[in-house]
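By convention in this document, chain letters (A, B, ...) are assigned in the order of the sequence lines, proteins followed by strands, and residues within each chain are numbered from 1.
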There are 4 protein chains.
Amino acid sequence: MHTSPVAILGGSGYAGIELTYLLAHHPRARIEVISSDRWVGDSLATHLGIEGKPGELVYASFEEAAERAKSCAVALLATPNEVSAQVAPKLLAAGCKVIDLSGAFRLTDDSSALAYYGKEVVGAKGDVRVGTYGLPEFFRDEVVDAKLIANPGCYPTAATLALAPLLEAGLIDRTDVIVNAVSGVTGAGRKSTEAYGFVAVDQDVRAYRVLAHQHTPEIAQVLSRRAGAEVQLTFTPHLVPIARGILSTAYGRLSVKASSADLTTALANAYAEEPFVSVVRSPNDVSLKQVVGTNRCVIGAASDASGRVVVVSAIDNLLKGAAGQAVQNLNLILGCDEVAGLTQLRRFHT
Amino acid sequence: MHTSPVAILGGSGYAGIELTYLLAHHPRARIEVISSDRWVGDSLATHLGIEGKPGELVYASFEEAAERAKSCAVALLATPNEVSAQVAPKLLAAGCKVIDLSGAFRLTDDSSALAYYGKEVVGAKGDVRVGTYGLPEFFRDEVVDAKLIANPGCYPTAATLALAPLLEAGLIDRTDVIVNAVSGVTGAGRKSTEAYGFVAVDQDVRAYRVLAHQHTPEIAQVLSRRAGAEVQLTFTPHLVPIARGILSTAYGRLSVKASSADLTTALANAYAEEPFVSVVRSPNDVSLKQVVGTNRCVIGAASDASGRVVVVSAIDNLLKGAAGQAVQNLNLILGCDEVAGLTQLRRFHT
Amino acid sequence: MHTSPVAILGGSGYAGIELTYLLAHHPRARIEVISSDRWVGDSLATHLGIEGKPGELVYASFEEAAERAKSCAVALLATPNEVSAQVAPKLLAAGCKVIDLSGAFRLTDDSSALAYYGKEVVGAKGDVRVGTYGLPEFFRDEVVDAKLIANPGCYPTAATLALAPLLEAGLIDRTDVIVNAVSGVTGAGRKSTEAYGFVAVDQDVRAYRVLAHQHTPEIAQVLSRRAGAEVQLTFTPHLVPIARGILSTAYGRLSVKASSADLTTALANAYAEEPFVSVVRSPNDVSLKQVVGTNRCVIGAASDASGRVVVVSAIDNLLKGAAGQAVQNLNLILGCDEVAGLTQLRRFHT
Amino acid sequence: MHTSPVAILGGSGYAGIELTYLLAHHPRARIEVISSDRWVGDSLATHLGIEGKPGELVYASFEEAAERAKSCAVALLATPNEVSAQVAPKLLAAGCKVIDLSGAFRLTDDSSALAYYGKEVVGAKGDVRVGTYGLPEFFRDEVVDAKLIANPGCYPTAATLALAPLLEAGLIDRTDVIVNAVSGVTGAGRKSTEAYGFVAVDQDVRAYRVLAHQHTPEIAQVLSRRAGAEVQLTFTPHLVPIARGILSTAYGRLSVKASSADLTTALANAYAEEPFVSVVRSPNDVSLKQVVGTNRCVIGAASDASGRVVVVSAIDNLLKGAAGQAVQNLNLILGCDEVAGLTQLRRFHT
């Protein structure tokens with residue numbers, strides 16, 4: 001079968017490694033070139049244990065890979081914000097489509113982008129300001145024809161899949177939304193700091209960037225677009241001692257009378273045709289074990305007599321929250337089956 | 001120095017073990033009798049490694065210990081709800097004061113007690129319906145003279161210490177309070193079920209008893225009493241793969257204009273004289289590592305321009321959330337220094 | 001492509017679940033029937049998240065599955081020793097080949113089998129005493145034609161792959177071999193006991209069944225057969241707080257002068273054609289992360305001037321140590337590519 | 001009661017922090033000065049949560065602390081090898097006794113010291129070549145009068161306490177000793193490298209410095225001295241995903257006929273009067289949970305018919321393996337109760 005050549009820039013970060021695993025045996029794409037800042041000259045087999053022909057591919061320097069990516073069908077950028085901001089316009093100019101896993105092209109509001117990502121990132125983007133937001137469950141039609149995909153953040157994926165259908169259906173109040181989420185350590189990327197050392201992280205939990213996390217405007221932007229009006233959001237991320245996974249616990253208020261079953265039905269209907277979203281009967285039935293290792297999102301909702309709504313959702317931050325979603329977007333761009341390369345994944349934790 | 005004889009019933013559960021460690025070398029109390037359902041006839045030294053004379057004490061059966069407790073100054077009950085409900089009235093009748101770590105005597109509203117603890121527990125309590133709520137930071141004067149202390153739940157301790165001063169000061173709206181908390185596995189007590197097995201818990205996170213946890217009415221009751229009017233509360237507990245510790249992230253709305261510094265000051269003033277509560281500059285500065293192994297609660301608060309308030313607090317669920325608080329109450333009852341036996345504790349996790 | 005019908009008995013234990021993941025999308029085998037003692041009537045999709053057609057298969061009771069297995073090409077038994085001992089002879093009598101993952105048919109010496117597995121197991125086996133030992137790297141020719149495969153134990157796989165080539169080559173003394181190994185908690189199977197609870201296992205390490213583990217005679221038997229003379233072995237297993245993986249550290253004494261490079265070369269030559277065994281330059285280069293999630297074994301050896309030899313090897317206890325090896329054996333029995341269904345596995349821990 | 005002034009140099013490393021906790025409330029010593037390379041000007045209360053008067057002490061720079069230490073009774077050095085090598089001679093010259101927790105003064109053989117610690121360390125020591133080896137169970141009489149204590153390494157403490165009595169009693173062969181040990185991550189000291197990051201360490205196990213660890217000559221030196229003849233040793237350390245604790249599994253061969261009970265008796269007799277060493281009935285009864293948080297060592301031994309001996313021992317690497325042992329030595333030097341400040345410690349992990 002015909003396979004399209006793709007490039008991976010940033011192949012040795014956590015998301016880049018996941019992309020490599022997913023694309024090494026993809027039925028319709030082949031990794032033509034891959035960069036790494038630490039493994040130049042080594043093979044995929046050496047560092048990732050990838051078998052067969054794909055394992056023989058060798059990591060290139062960023063410069064070489066960025067150049068060779070220009071003749072690929074699609075480049076996947078698992079690079080820091082400022083690197084993505086610089087390289088994406090050049091690839092697009094050369095006719096290569098881009099799926100960017102960084103935050104550089106996600107925010108439509110320039111002042112938000114400046115506030116959360118800084119002048120360096122915003123300045124480096126040139127004329128290309130925003131990508132098509134690559135959450136297929138909401139924006140599939142746009143993704144199909146996109147040249148530049150802004151692949152969603154991990155927290156925004158978990159939170160917006162949980163809340164958007166309820167806002168769209170007018171079931172919950174758009175002026176009072178809270179997302180409280182916990183993430184595994186890979187969410188912070190590969191770090192060599194004591195703060196992410198085993199002794200520091202194990203047995204600890206902490207909130208971080210309270211009322212100031214860069215995913216706040218991203219979640220609000222997506223929810224507002226789906227709700228058709230501005231959504232007011234509070235978002236609090238936490239670090240927990242696990243390697244992978246995000247569990248989001250979202251809070252809202254009913255706008256109309258609705259039971260837990262009504263909420264569950266609304267969500268189930270919204271995702272009835274979605275291959276990667278499952279709606280379960282109760283928030284108590286959602287857990288990381290159900291999703292880590294897969295491209296799935298699991299969601300459960302409930303309400304009580306006081307009008308409070310709680311929606312719990314879970315994803316693998318590196319798959320549905322990053323590399324898996326990027327491959328889902330890639331499939332749409334390549335015009336192949338949206339689930340290609342994503343269905344035989346298995347849960348890591350039985 | 002004179003030491004008062006105390007009894008521990010339920011000495012081999014997690015809270016009972018913590019009580020034992022705290023009281024084995026307490027300057028003003030001595031363990032006169034201790035029960036265990038699994039270690040009868042063995043010494044404290046054998047199972048807990050307690051050194052010296054106190055290590056020689058031997059576990060008794062519940063029946064024997066309950067009988068002998070009657071002649072002690074105070075009995076500490078680290079027993080299931082229904083056991084506490086039955087034994088506390090008998091001890092009180094014999095003239096022994098009681099500090100009950102279960103939930104049996106916490107709820108003042110009988111219908112809540114019935115709904116969350118069941119007929120068996122409520123029925124067993126006889127004429128004794130409610131204990132003095134043993135949160136010294138709020139109810140110290142009552143504790144000093146109490147005959148029956150209802151030692152607070154772990155989540156309620158973390159949540160109410162974080163929120164009550166802000167409600168009391170009229171800084172936040174009492175009709176819109178959310179507590180989102182995570183707890184280590186010891187919070188569930190000693191269990192022999194697969195659900196708490198290493199393979200099940202490690203690398204997983206889940207919410208449980210969403211909109212239905214028995215600590216919800218307890219938190220609401222304490223906050224309402226402090227606020228002087230009914231507080232409406234949503235509470236969601238989560239299980240995370242750590243052994244000990246609770247991190248509570250509470251959400252409210254400003255009733256008046258107030259900066260993060262205003263909130264921090266209000267909390268700092270409220271706890272200025274408290275030996276076990278520390279207020280830090282930011283919710284980002286709160287972590288389990290600061291409290292696990294100690295009887296301390298650490299709290300940090302912030303607000304934003306939209307009027308959202310976030311208060312993060314942390315405790316060791318087995319110490320300030322159970323046994324440490326019980327000893328603090330015991331000290332008040334015995335009329336000795338409130339911090340006796342609780343100051344040389346050390347953090348477990350550097 | 002033609003697929004052969006296979007049965008899985010014991011589908012909800014850890015090894016059974018791994019078998020299910022591996023065979024759900026196997027190119028040459030299809031799961032015809034699968035039993036579970038807890039999930040009867042539920043689908044594979046429900047409990048394991050398996051996608052597509054294979055996910056629709058429903059768990060049967062053991063009795064039903066054992067009956068229906070008789071008409072399958074091969075039955076894979078992930079059942080307790082005594083259950084395997086009883087059911088294997090019946091399946092064989094019905095013409096169904098059997099791959100047994102239990103220890104029931106591994107030991108050739110009846111008195112060892114009695115001592116380590118007990119009268120119940122040995123008595124239940126009927127006329128069928130021993131299976132073909134299913135370690136393809138050593139006994140591939142026998143496996144191809146076998147009717148009953150005794151799939152190796154997890155520790156024996158890790159230990160014998162590390163040591164056998166050195167014994168066969170006469171490089172180390174067969175009278176002085178020690179295997180010190182650590183295993184993750186899944187090695188104990190699904191247990192609902194406090195001893196395997198999170199609080200008990202986390203932060204702890206302990207040796208167990210010192211000088212008395214049932215894998216000792218199995219390791220000795222395999223090594224003796226390969227060495228052509230009796231090997232004297234000491235084996236000590238340890239439990240460590242991880243979910244999966246075995247790291248074996250084996251000690252021997254040089255029989256002849258040989259450098260670390262000589263040992264490495266001997267191992268590399270022995271496994272030059274093996275798809276699932278990798279020999280690395282140093283014992284320091286072996287880690288669980290390289291193998292967990294895959295069917296691979298990684299081995300590194302070194303010696304010093306005193307003649308001491310250290311060989312470190314690592315496997316995933318549930319894959320190369322159980323279900324992966326069983327599928328490798330199945331492939332050989334079915335006459336298809338030995339690596340079918342086993343090459344696109346990925347490491348769980350990057 | 002009179003307290004002696006002591007200095008801690010290197011107060012913010014793992015061992016330095018443990019020293020601080022132990023000495024902050026010590027009945028006979030008081031911390032007069034403490035250095036830190038990261039916390040200068042901050043108080044012990046701020047970083048360690050130490051209560052009361054001792055919490056008010058402020059960290060000084062190394063230079064200031066080293067100068068002020070000269071007028072202390074004893075300085076405890078929790079500094080890198082090369083720093084200890086330089087500063088110890090100066091302190092001794094000023095009349096301050098020194099307990100050095102580094103490896104700088106442990107090896108009596110200069111060529112070993114050069115090979116394992118390097119020219120820089122050996123060269124910096126000046127005329128002071130070796131300290132008194134501070135393992136009180138073996139060398140108490142020397143410690144009492146020592147000016148410079150070389151506080152033992154963590155692995156050597158666990159291994160030599162397990163083996164020395166058996167070698168001394170002639171029960172095991174001194175030419176064939178293996179120590180296989182696992183250690184928690186704090187054993188590596190405070191590191192900011194990816195190799196000790198949570199994602200790298202969690203779920204992994206690996207051996208390191210196989211046949212080349214610097215504790216090998218130290219263990220051999222101590223065992224040889226106790227055995228009265230050269231002991232030949234192989235030592236393999238492993239890293240496991242826990243914060244603290246060492247479990248050592250040592251292997252020997254019987255020199256004479258001896259049962260497991262004989263070995264246990266020999267060990268029990270050797271340590272009958274020792275406050276910090278416990279001998280249990282079986283190697284299966286030794287676990288990290290029994291010792292982590294305390295200054296204790298737990299040992300269990302067994303033999304089999306083939307003459308193989310296995311001795312399992314456990315310590316907290318930061319307490320009996322470092323700071324706890326240093327305080328035990330300090331107590332001996334100060335002439336106070338050897339267990340002062342070490343008996344009310346509690347296990348961290350119930």
Side-chain angles (χ1 to χ4, degrees), chain A residues 175-176 178-184 199-212 216 232-236 238-247 249 251 253 260 282-290 292 300-312 314 348-350, chain B residues 175-176 178-184 199-212 216 232-236 238-247 249 251 253 260 282-290 292 300-312 314 348-350:
Chain A
T175 68
D176 187 7
I178 291 173
V179 173
N180 188 99
V182 304
S183 171
V199 177
V201 170
D202 190 48
Q203 305 292 331
D204 201 16
V205 177
R206 53 169 69 232
Y208 61 100
R209 295 192 215 165
V210 173
L211 296 174
T216 312
Q232 282 165 33
L233 172 78
T234 300
F235 167 56
T236 313
H238 299 73
L239 183 69
V240 292
I242 58 171
R244 317 164 58 125
I246 283 178
L247 192 96
T249 303
Y251 298 89
R253 284 204 170 281
S260 295
S282 158
N284 297 329
D285 295 340
V286 178
S287 73
L288 291 188
K289 300 249 172 186
Q290 295 169 301
V292 172
S303 62
D304 67 11
S306 79
R308 172 62 69 201
V309 172
V310 179
V311 193
V312 177
F348 283 3
H349 311 293
T350 310
Chain B
T175 69
D176 187 6
I178 292 172
V179 173
N180 187 98
V182 304
S183 172
V199 177
V201 170
D202 190 49
Q203 305 292 331
D204 202 15
V205 177
R206 52 169 68 231
Y208 61 99
R209 295 192 215 165
V210 173
L211 296 174
T216 311
Q232 283 166 31
L233 172 78
T234 300
F235 167 57
T236 313
H238 299 73
L239 183 69
V240 292
I242 57 170
R244 315 164 60 122
I246 283 179
L247 192 95
T249 303
Y251 298 89
R253 287 204 168 281
S260 295
S282 158
N284 298 328
D285 295 341
V286 179
S287 73
L288 292 188
K289 299 250 173 185
Q290 295 170 300
V292 171
S303 61
D304 66 12
S306 79
R308 173 61 68 203
V309 172
V310 179
V311 193
V312 178
F348 283 3
H349 310 293
T350 309

How close do Arg253(B) and Asp176(A) get, heavy atom to heavy atom, and via which atoms?
NH2-OD1, 3.4 Å
Greatest number of heavy atom pairs closer than 4.5 Å to chain B - which of Thr249(A), Asp304(A), Val292(A):
Thr249(A)
Does any backbone or side-chain atom of Ser260(B) lie under 4.5 Å from a heavy atom of chain A? Answer side chain, backbone, both or neither.
neither
For the atom pair CG (Leu211(B)) and OG (Ser303(A)), what is the distance rounded to the nearest 0.5 Å?
7.5 Å
How close do Asp204(A) and Leu288(B) get, heavy atom to heavy atom, and via which atoms?
OD1-N, 2.9 Å
Quick one: pull up CG in Leu239(B) and CG in Leu247(A) and give me the separation to the nearest 0.5 Å.
11.0 Å
Thr175(B) versus chain A, heavy atoms under 4.5 Å apart: side chain, backbone, both or neither?
backbone
Over all atoms of both residues, closest heavy-atom pair of Ile242(B) and Pro241(A)
CG2-CG, 3.5 Å
Heavy-atom proximity to chain A below 4.5 Å, by part of Val182(B):
side chain
Output the option from Arg206(A), His238(A), Arg308(A) having the highest count of non-hydrogen pairs under 4.5 Å with chain B.
Arg308(A)
Hey, does the side chain of Gln203(B) reach the backbone of Lys289(A) with a donor-acceptor pair shorter than 3.5 angstrom?
no
In terms of heavy-atom pairs under 4.5 Å, which option from Val286(B), Val310(B), Asp285(B) contacts chain A the most?
Val310(B)
In short, Tyr251(B) meets Thr236(A) closest at the heavy-atom pair OH-OG1, 2.8 Å
What part of Val312(B) lies closer than 4.5 angstrom to a heavy atom of chain A: side chain, backbone, both or neither?
side chain
Side chain, backbone, both or neither: which part of Asp202(B) has a non-hydrogen atom closer than 4.5 Å to chain A?
backbone
